[in-house]
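Okay, so here's the structure we're looking at.
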Amino acid sequence: MKQSVLVAGIGNIFLQDDGFGVEVADRLGAQPLPEVVRVADFGIRGIHLAYELLEQRYDLTVLVDAIARGDKPGTLYLVEPAFESIHAIGEVSADAHAMTPQHVFQLLETLGGSPGLSGLTARLDS
């Protein structure tokens, strides 16, 4: 059985470096990739991302986004989500402007889906 991977570029192209994930998706999508990998620009469409994850049931989901972590700009991080904290954010919001990755995963869970983490592990070499 082939495993499927979604690489989702997220962010707002109108907010300078917040468009990083969208640009990565654009450039990566132009490269030859294995057929099991789908690269897509989801921009600020978090609700659309949640429904994509629900419909396709990917084995691994990689979100590419800009995030402030205190180091110099351009530093790359692998951030593994703490799914336990999904329940700590309260009710599911359908507000497109409030769709953080946690909200996307919470909506997905509410709809009966999973973000796709089984079978594959992603690691960043230090």
Next item on the list: Check whether any side-chain heavy atom of Leu6 lies under 4.5 Å from a side-chain heavy atom of Leu49, and answer yes or no.
Entry: yes
Margin query: Going by salt bridge (charged side-chain N to carboxylate O under 4.0 Å, His left out), name the pairs with one or both residues in residues 65-76, residues two or more places apart or in two chains.
Written below: none
Item checked: Qualifying salt bridge (charged side-chain N to carboxylate O under 4.0 Å, His left out) pairs with a residue from residues 29-38, counting only residues at least two apart or across chains -> Lys2-Glu35, Arg38-Glu52
Using distance only, find each side-chain donor-acceptor pair of residues 21-29 under 3.5 Å and give its atom names and separation, not counting sequence neighbours.
{"unit_1": "Glu23", "atom_1": "OE2", "unit_2": "Arg27", "atom_2": "NE", "d": "2.8"}
{"unit_1": "Glu23", "atom_1": "OE2", "unit_2": "Arg27", "atom_2": "NH2", "d": "3.4"}

Check: Step by step, would you call Leu108 with Tyr51 a side-chain contact (heavy atoms from CB on, under 4.5 Å)?
Finding: CA-CA 7 Å; Leu108 177 62; Tyr51 278 101; over 6 Å; no
Item checked: OG1 on Thr61 to CD on Gln56, rounded to 0.5 Å -> 11.0 Å
Checklist line | Phe14 vs Ile44 side-chain heavy atoms within contact, under 4.5 Å | finding: no
Next item on the list: Using a 4.5 Å cut-off on heavy atoms from C-beta on, say whether the side chain of Val64 contacts that of Ile10.
Entry: no
Item checked: Residue pairs fulfilling ring pair (Phe, Tyr, Trp, His ring centres under 6.0 Å) with at least one residue in residues 18-42, sequence neighbours excluded -> Phe42-His48
Item checked: Over all atoms of both residues, closest heavy-atom pair of Arg57 and Ser4 -> O-OG, 4.0 Å
Checklist line | Shortest non-hydrogen contact between Leu53 and Tyr58, atoms and distance | finding: CD2-CD1, 3.9 Å
